[in-house]
Structures are given as C-alpha cells and as structure tokens.
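Labels below follow one simple rule: chain letters A, B, ... track the order of the sequence lines, proteins then strands, and each chain is numbered from 1. Predicted, not measured: the structure shown is a model, and the values here were computed from it.
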Amino acid sequence: MAEKDISLPEASNFIEQIINEELAAGKLEPVGNKVKVRFPPEPNGYLHIGHLKALSINFGVKEKYRGEINLRMDDTNPAKESYEYVDAIVEALDWLGLKYDRLLFASDYYDRLYEIAEKYIADGNAYVCDLSAEQITATRGTLTEPGTPSPYRNRSVEENLRLFREMKAGKYPDGAKVLRAKIDMASPNINMRDPVIYRIAHVPHYRQGDKWCIYPMYDFAHPVSDAIEGITHSLCSLEFENHRPLYDWMVEKAGFPAPVPRQIEFARLNITNTLMSKRYLKKLVDEGVVRGWDDPRMPTLAGLKNRGVPARALKKFVEGVGVAKAYAVVNVAQLDSCVRDDLNESAERAMAVVDPLRLTITNYSGEEELPFEKNPLRPEDGSRGIKFTGSVYIERDDFALVPPPKYKRLTVGGTVRLKGAYVVRCDEAVTDENGRVTELKCTYFPESKSGSGLPCAVKAKGVVQWVDCKYGVPAEFRQYEQLLKDEQYPDQDYAERLNYDSEHVFSGYAEPYLAAAEENAPFQLMRAGYYKKCTQGGLVLSEIVSLKDNFNK
RNA sequence: UGGGGUGUCGCCAAGCGGUAAGGCACGGGAUUUUGAUUCCCGCAUUCGUAGGUUCAAAUCCUGCCACCCCAGCCA
C-alpha cells in the first residue's frame, strides 16, 4: 500500500498497527484523520484493576493520535445501574488523572435508538416476536444445529410497527414480546440467529425514570451508540469477537456513513490470586464480607487507592503488561514490583513496631534528638528529628533467642544497629515465668552514632527499626491476609472461593510523625525483610486504625 | 462433532523471510545504617507439533494437537 504523507506515530501494539494501516490507506480521511475512541463501562459496579487495561489502551490511542475519547456509561439495563456507580467511575478516572473529552450516557440516546429500531422494522430488518424467552432459547438451535425461524418472523412492516409502538406505549407486560433483528436463523454464528434487540421491562431507569418500559440490548445499543458518537475504533475484549459481525450489521442497517466504527478486540487482564468479576466483587460487598467496594482488600481502583497503591504504579504496571490477543494471566509479582518501584522513589520512610519487645540500654541516660532522613533517595526532602531515650521498642521477631541460620538481627551476645541511632549489643534477655522474652538489656556504643561519619570499630550485620518508649505513640495496626488464595479460574464454583482470612488488628507503637501523617499517605516501613514478605505490594501500610481511623465508613 | 480466536523462557511480551528485544520471577557476585535500594553477571541453538517451500522460516504453505469464547429478553 502506498505511503501517505501524513506522519504516523510508531505503533506499540497490534491495535495501533491497525490504526496506522487505516490512516495510511486514507480510510479516516472523511473525518480529517481524527481518531475517536470511547471507554464504555456499565455503571453497575466499581471499576477494578481489570478495567485499567481498557482504560490504558483507549487513553493510549487517544494520546498517541491526538484524538478524542468519550467516557460513555453503557446504561441500558435499568435493573442494575445507579448514580452511585457513575460517580465512582468518574472518581476513579479522576484519581488516575485520565481526562476524557466528554461524559455521555447511552440512555441519552434512547429516543434516537428507538427511531433506528423503527427504521430496521421499516426496512424489513427487524420484527416483533411473541415467543417467550424459553421458546426463543429452544428455537435458537445449538452449536451444531441451525435454529428454526420464529412463526412471527414474517409479520408485515405495518403490523410490526404497530406492535412495537404498543410495546413502547406499555400495552404489554414484561416478556410478552421482544423486537428481534431479522438476520439468519441458520447462521453458524449463534449471535446472528435473530438476536433480541429490545425487551420489555417495566423497571424505572436511574436517569430516565419511568419514561421507558422497553430497553435496547447491548448488541444493538453499543454499535449504534458508537456510530452516533462518531467513534472510529471500538476497542473491547476478546469475548466480543463473536459479536463483531452483528456489530457491523447493526451499524450498516442503521445507515451510518463511512467511516463506520471498527471493533477491535484484545485480551483482557487477569492477575494471579485476583478475582475480577464484578458479580463476585458485588457479592463480597453485599454480604458484608468487606467494608465496601473501596475496602483495601478489594481489587477495585478505589480499594487499591486505599491500600496505598499510587496511581502512577498502576499505570506503569498496565503499560508493562502489553496488549495482545493471547489469553494471559499476569503474575501479581509484576504489579508488586511496580508498586515497590514507585514507592521506593516516592514514599517517606517511617518506623513502627507492630509486635513490641522492650529494649533497654543500660549504659545510656538522658535523651537526644536524632535526625532521620525522610527518604534516603531524596535528600532534598530533608530529615526529621526522632527522640531517643535509650529505652525503645523493637519488633519482636527482630530478636531471636535461638537464631536461625544466617540471621542478621539481634541475638543474646550479638549486635545490631538501631536504624538511625546506635549499634547495641544484647547482654541479657529477661524472660517471664513462661520463658517468654519480656525485655532486652543492652549496651550501646557511643562511637557508633549514626551519621557521625567516623570509622566505627563496632560493626553490626543487621539494622532494625525501633520506636522510643517515651515518645512513641500507641497505635493499632490492621493488616489483611490475602483476600483470595486460589489461583485464577480454579476448577471450582465462585461461591467456594469466598475463603480468605479476615483482618487482624495488632497493638503496637508508631513514631509520632507517622501518627500525624495524612490519610492514605504511602509509607515504607523500615522493617527488616519487609519487602520480601509483604503481600501488599511489598510495602506500606497496614492501616493504623486507632490513630488515624480513616476507614470508618 | 458448528463457528470465532489463541499458541515465542516459570509469568507477561517484542518479532511481520535474514539467523530469538525487554520486563517480572529466579540464581550468583559487589556496594549498603532498610536482609531494601543501586550495581554487575547468568537465565529460549529455540518459537505447540509434524511435514513442505526457500540459499535462509518463529515469521510463508499444509496437516495435526492443545487451550479460550459463543446457545441471556446481561454487558
């Protein structure tokens, strides 16, 4: 094909390759080579991390081709939709910093859609069918056998028009009649066997009230909505591949001028140990298993936000995952890596002790304020002072009576550095009558003071975080076990996947700075080995409940 | 068994006839006041499989195998 003189951006995935080819072939010239896409969620739930891929692809195309993108609520099923969800969707995009050109609603096209349905009828492309839902199913045929035509298939245009208008006027109860596209009952593609395009539902719509008692179906509303908006590329997930001929049929029979929207499918995002079915997530919310759609355990964007995951990390993750047509399950480790990577750059370092063990320095008296770098990677952020009195709490598992092999932290007779302070040697572990360690008696080495710059004779192989006994603030920490332990798509029923451990609350101490910090501010806790063990993106945040109490909704 | 798709390293994923990018994970080493970070080094003679075309194939052709999607008046 001849190269056009318009300069094409470099395609970074197969969708952009297709767009480039179309541009090069001049297919978009009638609209000034303006690429127009849309992100079309149904407002029946919160956006989750799976939607991020569609978001990324659509917004990516829009950016790359300097085109336009509509945020369109695909609200054609009044039984499931509400403003709560449209608000949540709008908020999620806002949080991600994604700017769309306009917010639209499929329900605003109901009049136009109705007119087009009448046109289908007038052109002999649609008919009113009196068969029940069961009968329609029964006559649709099977994967290997063709369907049988409805006895109502050959009604006259006049009769169809009359009946359809009566449906709209509310003359019939739910299920009594439907409008069907007249295509091919013997098509090997089951979706082409006279699909229903309008149904009767005497259900009020959250935006249209009771204006309508017939509602358009996705297979009709979606392509036509795309065409109405002048969408050039309708990007959706793989399961709609079978619907593409229907999509094209709808647009063609509606009589829109070229260029007509083109549907292109890509593989949706799956992540190990993460369930992303809206139906399932809604169940968790409805049954009170979680606190809400934005519970930190949820894979929703709102939940991730509350978990302390930066929007930037999410974007990087989804960009790194790529766009293809092969079924894929990305390992959560890849998400974790992006979160760690971002937080490592941006997060302030903080100390907190979830399971405290008292450590007393026997040769230290008085107190002093030690500077503590907010983020060693960004010296410009400065430091803050942390009070030190020689009596601190350390994490219980940062001490071991009988150290496992290669243990780098404190043992009796061993040394360790108190992060930002001094190296200490443990002289004695005080135990109670049960043999449980209650206190550590230590000696500190004044010359080992952090930041002194002096070559220090005393080396410690490990570093542990601590909170001062006098100045630390009592805190409660809430930590969550992994919500779902199954791999994606295990061979079991959805209902059986409701197993997870509930939240755990620990009483400990936090440095005053942490306690006073902003809600949802991401921190990197300075705990030994924290990165490798933590399942929440490798960093952050057990919520600090008693001090911040930021999840009381 | 009908139709539509997909198969490149443990997980994603480039590649588009000229002799296998990158990321995650993993292993080894160096630096380190986070067992973190950073830093080196290693990690597919092979592209589902069997043939064929070609000087040359993951890329073209043919057969086979595996997996996914479709029988909502959901989207």
Side-chain angles (χ1 to χ4, degrees), chain A residues 12-13 17 40-42 44 74-77 79-81 129 131-134 136-147 174-180 187-193 195-201 214-215 217-219 221-222 236-245 265 267 269 272 278-279 317 320-338 340-341 344-345 349 351 373 376-377 406-409 416-423 448-451 456 460-465 489 524-533 538-539:
Chain A
S12 56
N13 58 245
Q17 270 179 29
E42 184 189 10
N44 66 346
D74 232 351
D75 53 358
T76 53
N77 184 0
K80 293 183 174 176
E81 299 149 2
C129 180
L131 256 26
S132 68
E134 299 70 46
I136 287 179
T137 300
T139 54
R140 186 153 23 223
T142 68
L143 295 178
T144 52
E145 305 156 39
D174 291 3
K177 286 176 167 41
V178 292
L179 184 68
R180 289 229 253 170
S187 171
N189 182 342
I190 293 183
N191 296 298
M192 299 297 272
R193 319 237 261 230
V196 172
I197 59 178
Y198 259 100
R199 60 183 181 283
I200 299 172
I214 58 172
Y215 292 93
M217 302 291 290
Y218 168 88
D219 279 320
H222 198 90
C236 63
S237 48
L238 246 31
E239 64 262 38
F240 293 105
E241 271 179 322
N242 297 322
H243 296 242
R244 199 189 323 131
E265 310 85 8
L269 174 64
T272 56
K278 260 193 210 172
R279 191 198 103 153
F317 164 68
V321 150
V323 181
K325 294 191 75 164
Y327 174 85
V329 183
V330 179
N331 200 298
V332 253
Q334 206 161 328
L335 207 208
D336 292 344
S337 168
C338 291
R340 260 185 271 128
D341 200 48
N344 185 44
E345 279 294 324
R349 314 298 137 115
M351 297 199 288
E373 282 181 296
L377 260 40
K406 295 189 178 176
Y407 191 71
K408 295 177 72 169
R409 287 160 281 163
V416 78
R417 174 175 288 282
L418 296 179
K419 173 77 184 169
Y422 301 91
V423 172
S448 68
K449 183 169 179 177
S450 172
C456 182
K461 51 190 185 309
V463 181
V464 301
Q465 63 170 345
Y489 301 122
Q524 192 183 100
L525 294 182
M526 311 296 302
R527 191 171 170 197
Y530 194 73
Y531 288 87
K532 287 193 171 176
K533 294 175 190 166
L539 295 170

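- The separation between A/Phe317 atom CZ and B/C24 atom C1' is 10 Å, rounded to whole Å.
- Following rounding to the nearest Å, A/Asp336 (CG) and B/C11 (C1') show an atom-to-atom distance of 13 Å.
- Rounding to the nearest 0.5 Å places CG of A/Asp341 at 12.0 Å from CG of A/Asp336.
- Atom name C1', nucleotides B/C64 and B/C55: the rounded distance is 29 Å, in whole Å.
- No hydrogens or angles were tested; on distance alone, a donor-acceptor pair under 3.5 Å links the side chain of A/Arg409 to the base of B/G35.
- The side chain of A/Lys325 lies closest to B/U6, out of B/U6, B/C12, B/G35.
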Evaluate the side-chain contact (heavy atoms from CB on, under 4.5 Å) criterion for residues A/Val330 and A/Thr272: first the C-alpha distance (whole Å), next the side-chain angles of each, then the deciding distance (0.1 Å), finally the verdict.
CA-CA 6 Å; A/Val330 179; A/Thr272 56; over 6 Å; no
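- On the C1' atoms, B/C60 is 11 Å away from B/C16, given to the nearest whole Å.
- Minimum interatomic distance between A/Ala267 and A/Ala326 (heavy atoms only, all atoms of both residues): CB-O, 3.4 Å.
- Counting only heavy atoms from C-beta on, A/Ala326 has its side chain closest to B/A13 among B/A71, B/A13, B/C12.
- For the C1' atom pair drawn from B/C74 and B/A25, the interatomic distance equals 38 Å after rounding to whole Å.
- A salt bridge does not link A/Lys80 with A/Glu42: every distance from a Lys NZ or Arg NE/NH1/NH2 to an Asp or Glu carboxylate oxygen is 4.0 Å or more.
- On the C1' atoms, B/C43 is 34 Å away from B/G52, given to the nearest whole Å.
- Two residues are said to be in side-chain contact when any heavy atoms from C-beta on lie closer than 4.5 Å; A/Leu269 and A/Val321 meet this criterion.
- Side chain of A/Pro188, nearest nucleotide from B/G3, B/C24, B/U37: B/G3.
- When heavy atoms are screened at a 4.0 angstrom cut-off, A/Val178 is found touching base atoms of the nucleic acid.
- OP1 or OP2 of B/A75 lies within a sub-4.0 Å distance of a side-chain N or O belonging to A/Thr76.
- For B/G72, one of the phosphate oxygens OP1 or OP2 lies less than 4.0 angstrom from a side-chain nitrogen or oxygen of A/Thr137.
- A/Tyr198 comes within contact range of no nucleotide atom at all, as no heavy-atom separation falls under 4.0 Å.
- For B/G3, the base has a donor-acceptor partner in the side chain of A/Asn242 [N/O atoms by modelled type, under 3.5 angstrom].
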Between protein and nucleic acid, restricted to nucleotides 21-23 of chain B and to nitrogen or oxygen atoms under 3.5 Å apart, what atom pairs and distances do you find?
{"unit_1": "B/G23", "atom_1": "N2", "unit_2": "A/Gln334", "atom_2": "OE1", "d": "2.9"}

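- Atom CG of A/Asp174 is separated from atom P of B/G72 by 19 Å (rounded to the nearest Å).
- Rounded to the nearest Å, the gap between the C1' atom of B/A44 and that of B/C39 is 26 Å.
- Remark: B/U6 base-pairs with B/A66. Criterion, Watson-Crick or G-U wobble with two distances under 3.5 Å.
- A straight line from CG of A/Leu377 to P of B/U38 spans 8 Å, rounded to a whole angstrom.
- Of the two residues near RNA chain B, A/Cys129 and A/Ser12, the one whose nearest nucleotide lies more 5' is A/Ser12.
- Using a 4.0 Å heavy-atom distance criterion, A/Leu418 is classed as making no nucleic acid contact.
- Rounded to whole Å, the P atom of B/C12 lies 14 Å from the corresponding atom of B/C68.
- Look at the P atom in both B/U45 and B/C69: the space between them is 32 Å, to the nearest Å.
- Counting to the nearest Å, the P atom of B/A13 and the OH atom of A/Tyr327 are 12 Å from each other.
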Please list, pair by pair, any protein nitrogen or oxygen found under 3.5 Å from a nitrogen or oxygen in nucleotides 16-18 of chain B.
{"unit_1": "B/C16", "atom_1": "N4", "unit_2": "A/Gln17", "atom_2": "NE2", "d": "2.9"}

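- Nearest nucleotide to the A/Lys406 side chain, out of B/G35, B/A13, B/C74: B/G35.
- In this structure, A/Pro40 and A/Lys419 both approach RNA chain B, and ranking their closest nucleotides by distance from the 5' end singles out A/Lys419.
- In this structure, A/Leu131 reaches the bases: a heavy-atom distance under 4.0 Å links it to at least one base atom across the strands shown.
- One N or O on the side chain of A/Arg193 and one on the backbone of A/Ser187 form a donor-acceptor pair closer than 3.5 Å.
- Annotation: the span from A/Leu418 atom CG to A/Met351 atom CE amounts to 8.5 Å, rounded to 0.5 Å.
- Counting to the nearest Å, the C1' atom of B/C70 and the CG atom of A/Leu143 are 7 Å from each other.
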Full working for side-chain contact (heavy atoms from CB on, under 4.5 Å) between A/His243 and A/His222:
CA-CA 11 Å; A/His243 296 242; A/His222 198 90; over 6 Å; no
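- In the set B/A13, B/A75, B/G35, B/G35 carries the atom at the smallest distance from any side-chain atom of A/Val463.
- Rounding to whole angstrom units, CD of residue A/Gln465 and C1' of B/A36 are separated by 13 Å.
- For the pair A/Thr76/A/Tyr215, no side-chain contact is recorded, criterion being any heavy-atom separation below 4.5 Å from C-beta on.
- Counting non-hydrogen atoms under 4.0 angstrom, A/Ala133 reaches a base of the nucleic acid.
- A 3.5 Å limit on both hydrogen-bonding distances identifies B/G42 as the Watson-Crick or G-U partner of B/C26.
- As the counterpart of B/A58, no nucleotide is assigned, since no Watson-Crick or G-U wobble pattern has both distances under 3.5 Å.
- No engagement by A/Tyr215 is indicated, since no non-hydrogen atom pair under 4.0 Å with the nucleic acid exists.
- Nearest to the side chain of A/Glu239, among B/A13, B/C69, B/G35, sits B/C69.
- Proximity of A/Arg417 to the phosphate of B/U32: no side-chain N or O atom is located under 4.0 Å from OP1 or OP2.
- In this structure, the CG atom of A/Leu238 is 13 Å from the C1' atom of B/G7, given to the nearest Å.
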Could you list all N or O pairs between the protein and nucleotides 47-49 of chain B that sit under 3.5 Å apart?
none

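- For B/G72, the base adopts the syn conformation, since its glycosidic angle falls within 90 degrees of zero.
- Across all strands shown, B/C74 has no partner, as no Watson-Crick or G-U wobble contact with both distances under 3.5 Å is found.
- Between the CG atom of A/Leu143 and the CD1 atom of A/Ile190 there is a distance of 4.5 Å, given to the nearest 0.5 Å.
- The shortest distance between the side-chain N/O atoms of A/Arg340 and the OP1/OP2 oxygens of B/A25 is below 4.0 Å.
- Across all strands, A/His222 comes closer than 4.0 Å to no nucleic acid atom at all (heavy-atom distances).
- The backbone N or O of A/Ala460 sits nowhere less than 3.5 Å from a side-chain atom of A/Arg417 that would complete a donor-acceptor pair.
- At B/C73, one or more side-chain N or O atoms of A/Arg140 fall inside 4.0 Å of OP1 or OP2 (strictly under the cut-off).
- Nucleotides B/A30 and B/C67 have their P atoms positioned 47 Å apart, rounded to a whole Å.
- Counting heavy atoms from C-beta on, the side chains of A/Ile136 and A/Arg180 come closer than 4.5 Å.
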